[in-house]
Every structure is written in structure tokens, then in C-alpha cells.
Visitor: 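I'd like to ask some things about the structure below.
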Amino acid sequence: MTLLQEKRVQVSPPLTRGPSAFIPENEVMQANGLDERTNLLVEEYSTSGRLDNITQVMSIHTQYLESFLRSQFYMLRMDGPLPLPYRHYIAIMAAARHQCSYLINMHVDEFLKTGGIAEWLNGLEYIPQRLKNLNEINKLLAHRPWLITKEHIQKLVKTGENNWSLPELVHAVVLLAHYHALASFVFGSGINPERDPDTSNGVRLIAVNNFCVCDLANDNNIENASLTSSNFGIADSLSELEALMERMKRLQEDKEDEEASQEEMDTRFEKEKKESLLVISGAFDDEIVSTDVSRYVEDPGFGYKDFARRGEDHLPTFRAQDYTWENHGFSLVNRLYSDIGHLLDEKFRMVYNLTYNTMATHEDVDTTTLRRALFNYVHCMYGIRYDDYDYGEVNQLLERSLKVYIKTVTCYPERTTKRMYDSYWRQFKHSEKVHVNLLLMEARMQAELLYALRAITRHLT
């Protein structure tokens, strides 16, 4: 057995063919994405040198794919504070927090190709102390970013042989947030292991993902009322679509009629925050982390805990006005790691504004309120609040099965199942659901970055 084969995370074959276990293969292939433009993008920006399954599913939205590939290529390949093998090892550490063997395997290969020391792949005890020192911030960013303080930053940058410079730390934080969020996309879109990978000297060159096995286990495990009652007929799901359209229209009209008072807006945010506690995504107290993955994880029992947990009222809500991406995060990240700010900003804007003005079978629909509700609901679960946003809209627009799906994909992506994916928006196209996953991924990445960059700013002031 070669070294590379030993380091692989063992996985099972996919349950379905094609790039996704959730989306029929022909729908991905028919998407306008798999054209010459996608191939050019892959040639220019792919880190693995091939069209992998993530890229195929994302290529349903080619405009977005370009921003995504460009920023990922920049983080992994272009000039930056961190050496190339470090970048891939940090990606492995981030993906391991969510047991995402698809991404782990991909970066095990890249780590070795860029000259990484093979011994490090035996686990965290084999890596240099300064990389080990990232464990704490990796864990907090992945599961409870609101706990990150300037003290965490100070500990990492304080003088000593294992210290991080601020530019190195910013590069590391961007990579961690990117790969936590990308794990959400991988599980949320049911990305399959790569099929018929190239072989070189008998070594398999592309990764596989233990996603499908847990998908079956999860589906049997989850006794969620909102999911078990999801066997609607077509008529029901059609009326569900009409009802959503109607609510969107009403919200638009109400907006023009009256403004809610600030007090009322405060109440609605608190209500939504508390309600997100009640959105349970399955009972998983005894999750088993395979030893293949666990070698890259410190404190595997540490996971997401609701921001709004009772008795934790001392945690102040992150008021978006006090520290925004546009006015604060962007300039700090750009100053310490040049150009990445522009690339991330373009990607955030692209996904937030992406629209084809359609909803399922309807044309000429303004979907702004729906996109904003999805983005802001993710931030709400992370304790980030927009003073000028009426959180009543979230309750109006996002039905319960969709909330279960959002919370799972964002906070515990490894528990996502096909049943959850199928249970919401039954009349919508798969491309629209992929768009939802892109929104969730970017909202999550931005939330993590806001907390980390705010802590760095506090350290600097």
C-alpha cells in the first residue's frame, strides 16, 4: 500500500451516480454551466486540475462559480503569507471539524503534491506547535464563533518561536472559514465521491466522501415532525408555492404602507432568535467520528450550541451596525492579506444579488426579500443582528422544514440528509436549491469572518 493510500479516509461507494446524491445527474449536466466557459474556468483556477463534483454542481450558477474559483485559487495558490503545504493542512483541519472526508481527501493529495511532510498526516500530534495552536480558533470558528475574543488573537500572535504574524493569522482564518462553509455546501448539496478517478501508479488521485452512509443513517435517525409529515401531494406543494408568492407580495405592500417601530423590530429579532432554539435537527448525542477523521480533530465533542440558549443572556448580540463587513472587515482583511478582501467581497455580493427573477415555474419575480431572509436567518443563528431588518419576514417566508434544513446545513452539516433536502420547496428547481446552499455557505463564511476580524480589530486597538 502506498503512503497516499494509507492516509486516505476510508469511505463507502456513493448511493447514486453523478456529482450529487440529491440532484439527478441529467439536471447537473443540462445546466447551462457545463459549457466552454466552465471548462476555461477550471483550466485557469482549479486547484486539483480537474472538474470535480463540487465545481460541477456549482456550475449550475456559472457567474457565481467564477467568483468562487478565483477566491479559492488565490487563497491556495497565489502569493500570500502562508507556505503552500500549510494552506492545505489548515483546509484539512477545518474540514475535519465537520467530518467532511470529501474535502479532507482532496487536500491530503494537495498537501503532499505541494511538498507537505507526510508524517503530519498521521494526526495533530505530528504537526508543528504553531499549527497546533490553531486548534482552539478552528474549533470556535466552526461551532461558536461568538466566543472568539481578542485574548485568543493575542495568544496566537504573542512573541515566541511559535507565534503567528497578523498577516499569517488572517490568511489562516480566511482558510478556516472558507472550508467550514464549504463543508456546509458539500453536505447540503449531497456531493458524491469522485467517480472513476484517474489513477497514477495505482494511487487514486481524487478524494471520496463518507457522505452517503451517514445520509442513510441520518434519515432513519431523525424523528422530526416537520419532516415526517412531508409526504405532500403535488397539489399541496403547488399551493405551498402560491402561498409563499402571496406572502412575498404582501410583505412588499406592507413595507410601503408602514414602518414597524424600533421596539417592535427588537422584539421580532429576539423572538426569531429564541425560535431558532426550537428548530431541532435530529437527536445526535452519540455521533461517532471515524478514526480516519478524528486524527485531525481536537476536542471532537465540541459542537454548535444555540447562541440564544437560556441562561446565556450575558452573550451580547453582535449588532451588525457596530462592525460590518463593508466598513470594517473588508478593509482590515485587505490590509493584512492584500486583495483577498476584494475577492471575498465580490463573492458575497455575487451570491446575495444573484437572481434569474424566477421562482419555480413563475417568471418576473423579485426574490430579494427571500434571499435576504435566508442570509439574515443564518446570521441570526450566529447572534448577528441587523437593526434595520424586520425579522418578522423570516417567519413569514421560511417554513419550518426549510428552517430545519438551514440550521442543519449551517450548524451541523454532517447531519444533512436527502429527506431534509427534499422536504422543502417541493415545486422548486434543483438549481434554486443549489442557490440556497450557496447563500447559506456565504452567509456562514461571512459570520465567521465578522467575529474573527472583530477580535483582531480589538487586539489592534
Visitor: Determine, for Lys429 against Glu27, whether the closest basic-nitrogen to carboxylate-oxygen distance falls under 4.0 angstrom.
Guide: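 Between Glu27 and Lys429 there is no salt bridge, as every charged N stays at least 4.0 Å from the carboxylate O atoms.
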
Visitor: Looking at CH2 of Trp164 and NZ of Lys155, how far apart are the two atoms once the value is rounded to the nearest 0.5 Å?
Guide: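 Rounded to the nearest 0.5 Å, the CH2-NZ separation comes to 15.0 Å.
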
Visitor: Measure from the side-chain N and O atoms of Tyr323 to the backbone N and O of Leu453, and report whether any donor-acceptor pair falls under 3.5 Å.
Guide: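 A pair under 3.5 Å: yes.
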
Visitor: Run the numbers on Tyr89 and His107 for ring-ring contact (aromatic ring centres under 6.0 Å, His included), then give the verdict.
Guide: CA-CA 7 Å; Tyr89 202 89; His107 289 282; over 10 Å; no

Visitor: What distance separates Leu140 CG from Thr149 OG1, expressed to the nearest 0.5 Å?
Guide: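 Here the interatomic distance stands at 8.5 Å.
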
Visitor: Crowded around Asp79 CG? As in, over 12 foreign heavy atoms under 6.0 Å?
Guide: no

Visitor: Does Met58 reach the side chain of Ile54, with side-chain heavy atoms less than 4.5 Å apart?
Guide: yes

Visitor: Roughly how far, to the nearest 0.5 Å, is the CG atom of Leu175 from the CD atom of Gln72?
Guide: 9.5 Å

Visitor: I'd like to know if the side chain of Ser101 and the backbone of Ile104 have a donor-acceptor N/O pair within less than 3.5 Å.
Guide: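 No, because the side chain of Ser101 does not come within donor-acceptor range (under 3.5 Å) of the backbone of Ile104.
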
Visitor: What pair of heavy atoms forms the shortest contact from Val170 to Val333, and how long is it?
Guide: CG1-CG2, 3.5 Å

Visitor: Are any non-hydrogen side-chain atoms of Arg385 and Cys380 less than 4.5 angstrom apart?
Guide: no

Visitor: I would like to know whether Leu440 and Tyr377 meet side chain to side chain contact (heavy atoms under 4.5 Å, CB included); could you show each step before the answer?
Guide: CA-CA 9 Å; Leu440 303 184; Tyr377 184 57; over 6 Å; no

Visitor: Which label fits His430 and Tyr421: parallel for a plane angle under 30°, tilted from 30 to 60°, or perpendicular past 60°?
Guide: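 Parallel, since the angle between the ring planes stays under 30°.
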
Visitor: Give a yes/no verdict on a cation-pi contact between Arg144 and Phe302, requiring under 6.0 Å between NZ or CZ and the six-membered ring centre and an angle within 45° of the axis.
Guide: yes

Visitor: Could you tell me whether the side chains of Tyr64 and Glu442 share a donor-acceptor contact shorter than 3.5 Å?
Guide: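 On atom types as modelled, these side chains qualify, holding a pair under 3.5 Å.
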
Visitor: Would you tell me whether His171 and Tyr337 have side-chain atoms, one donor and one acceptor, within less than 3.5 Å of each other?
Guide: yes

Visitor: Please confirm whether the backbone N or O of Asn327 pairs with a side-chain atom of Thr324, one donor and one acceptor, at under 3.5 Å?
Guide: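 Judged by distance alone, yes, a pair lies under 3.5 Å.
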
Visitor: With heavy-atom distances below 4.5 Å as the criterion, would you say the side chains of Tyr102 and Asn192 are in contact?
Guide: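 Result no, sub-4.5 Å side-chain heavy-atom pair not found.
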
Visitor: If you measure from CD1 on Ile90 to CG on Asn138, what distance do you get to the nearest 0.5 Å?
Guide: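 Ile90 CD1 to Asn138 CG: 9.0 Å, rounded to 0.5 Å.
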
Visitor: Do Asn357 and Glu363 have side chains that get closer than 4.5 Å, going by heavy atoms?
Guide: no

Visitor: So which heavy atom on His152 is nearest to which on Leu147, and how close?
Guide: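 For His152 versus Leu147, the nearest heavy atoms are CE1-O, 3.3 Å.
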
Visitor: Tell me yes or no: between the side chains of Ser331 and Asn334, is some donor less than 3.5 Å from an acceptor?
Guide: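 Distance-only check fails for Ser331 and Asn334.
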
Visitor: More than 12 foreign heavy atoms under 6.0 Å from CZ of Arg349: is that the case here?
Guide: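 Count not over threshold, so no.
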
Visitor: Between Thr410 and Lys407, is there a donor-acceptor pair closer than 3.5 Å when you use the side chain of the first and the backbone of the second?
Guide: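 Side chain of Thr410 to backbone of Lys407, a donor-acceptor pair under 3.5 Å: no, none is there.
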
Visitor: Do Ile92 and Trp120 have side-chain heavy atoms sitting under 4.5 Å apart?
Guide: no

Visitor: Is a side-chain donor-acceptor pair under 3.5 Å present for Arg444 with Ser184?
Guide: yes

Visitor: Output all residues satisfying side chain to side chain donor-acceptor pair (under 3.5 Å) with Asp422, sequence neighbours left out; order by chain, then residue number.
Guide: Lys418

Visitor: Side chain to side chain contact (heavy atoms under 4.5 Å, CB included), that's the test. Do Tyr389 and Val394 meet it? Break it down for me.
Guide: CA-CA 10 Å; Tyr389 180 67; Val394 167; 3.8 Å; yes

Visitor: Quick one: pull up CE in Met248 and CG in Leu397 and give me the separation to the nearest 0.5 Å.
Guide: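 Met248 CE to Leu397 CG: 6.5 Å, rounded to 0.5 Å.
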
Visitor: With a 3.5 Å distance limit and no angle check, can you tell me whether Tyr352 reaches the backbone of Ala443 through a side-chain donor-acceptor pair?
Guide: no

Visitor: Taking all non-hydrogen atoms of both residues, which atom of Val297 and which atom of Pro300 are closest, and how far apart?
Guide: CG1-CA, 3.7 Å

Visitor: Using the rule side chain to side chain contact (heavy atoms under 4.5 Å, CB included), only one of Met106, Glu110, Met93 pairs with His88; which is it?
Guide: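 For His88, the side chain to side chain contact (heavy atoms under 4.5 Å, CB included) test succeeds with only one of Met106, Glu110, Met93, which is Glu110.
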
Visitor: Is there a side-chain contact between Arg400 and Tyr424 (heavy atoms, below 4.5 Å)?
Guide: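 Heavy-atom side-chain distance check fails, nothing below 4.5 Å.
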
Visitor: Is there a donor in the side chain of Tyr356 and an acceptor in the side chain of His435, or the other way round, less than 3.5 Å apart?
Guide: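 The answer is no; no qualifying pair exists.
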
Visitor: Which residues satisfy the salt bridge (Lys or Arg N to Asp or Glu O under 4.0 Å) test with Glu346, sequence neighbours excluded?
Guide: Arg70

Visitor: Do Arg97 and His180 meet the criterion of a side-chain donor-acceptor pair at a distance under 3.5 Å?
Guide: no

Visitor: May I ask you to check whether Gln129 and Asn133 show a side-chain donor-acceptor distance below 3.5 Å?
Guide: yes

Visitor: Looking at every non-hydrogen atom in both residues, tell me the closest pair between Ala95 and Leu103 and how far apart they are.
Guide: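 Nearest pair, atom of Ala95 first, then Leu103: CB-CB, 3.7 Å.
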
Visitor: Please verify the inter-ring angle class for Phe375 with His379; under 30° counts as parallel, over 60° as perpendicular, anything in between as tilted.
Guide: tilted

Visitor: Start with the C-alpha gap between Thr408 and Phe187, add the side-chain angles, then the distance that decides, and say whether side chain to side chain contact (heavy atoms under 4.5 Å, CB included) holds.
Guide: CA-CA 10 Å; Thr408 308; Phe187 287 114; over 6 Å; no

Visitor: Does any non-hydrogen side-chain atom of Thr114 lie less than 4.5 Å from one of Arg77?
Guide: yes

Visitor: Heavy atoms only: give me the nearest Leu398-Lys403 pair and the separation to one decimal.
Guide: O-CE, 3.7 Å

Visitor: Specify the closest pair of heavy atoms between Arg295 and Leu121, including all atoms of both residues, with the distance to one decimal.
Guide: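 Here Arg295 and Leu121 meet closest at NH1-O, 3.0 Å.
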
Visitor: Taking atom CD of Glu125 as the centre, report whether more than 12 heavy atoms of other residues, nucleotides or ligands fall under 6.0 Å from it.
Guide: yes

Visitor: Checking Ser189 against Ser20: is there a side-chain donor and acceptor pair closer than 3.5 Å?
Guide: no

Visitor: Nearest 0.5 Å, what's the CG-CG distance between Asp345 and Asp339?
Guide: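 Here the rounded value is 12.5 Å.
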
Visitor: Should we count CD of Gln321 as having more than 12 external heavy atoms under 6.0 Å?
Guide: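 Yes, the 6.0 Å shell around CD holds more than 12 heavy atoms from other groups.
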
Visitor: Take Leu344 and Met445 through the side chain to side chain contact (heavy atoms under 4.5 Å, CB included) test and state the conclusion after the steps.
Guide: CA-CA 10 Å; Leu344 294 176; Met445 181 174 184; 3.7 Å; yes

Visitor: Is any side-chain N of the basic residue among Lys139 and Glu298 closer than 4.0 Å to the acidic one's carboxylate O?
Guide: no

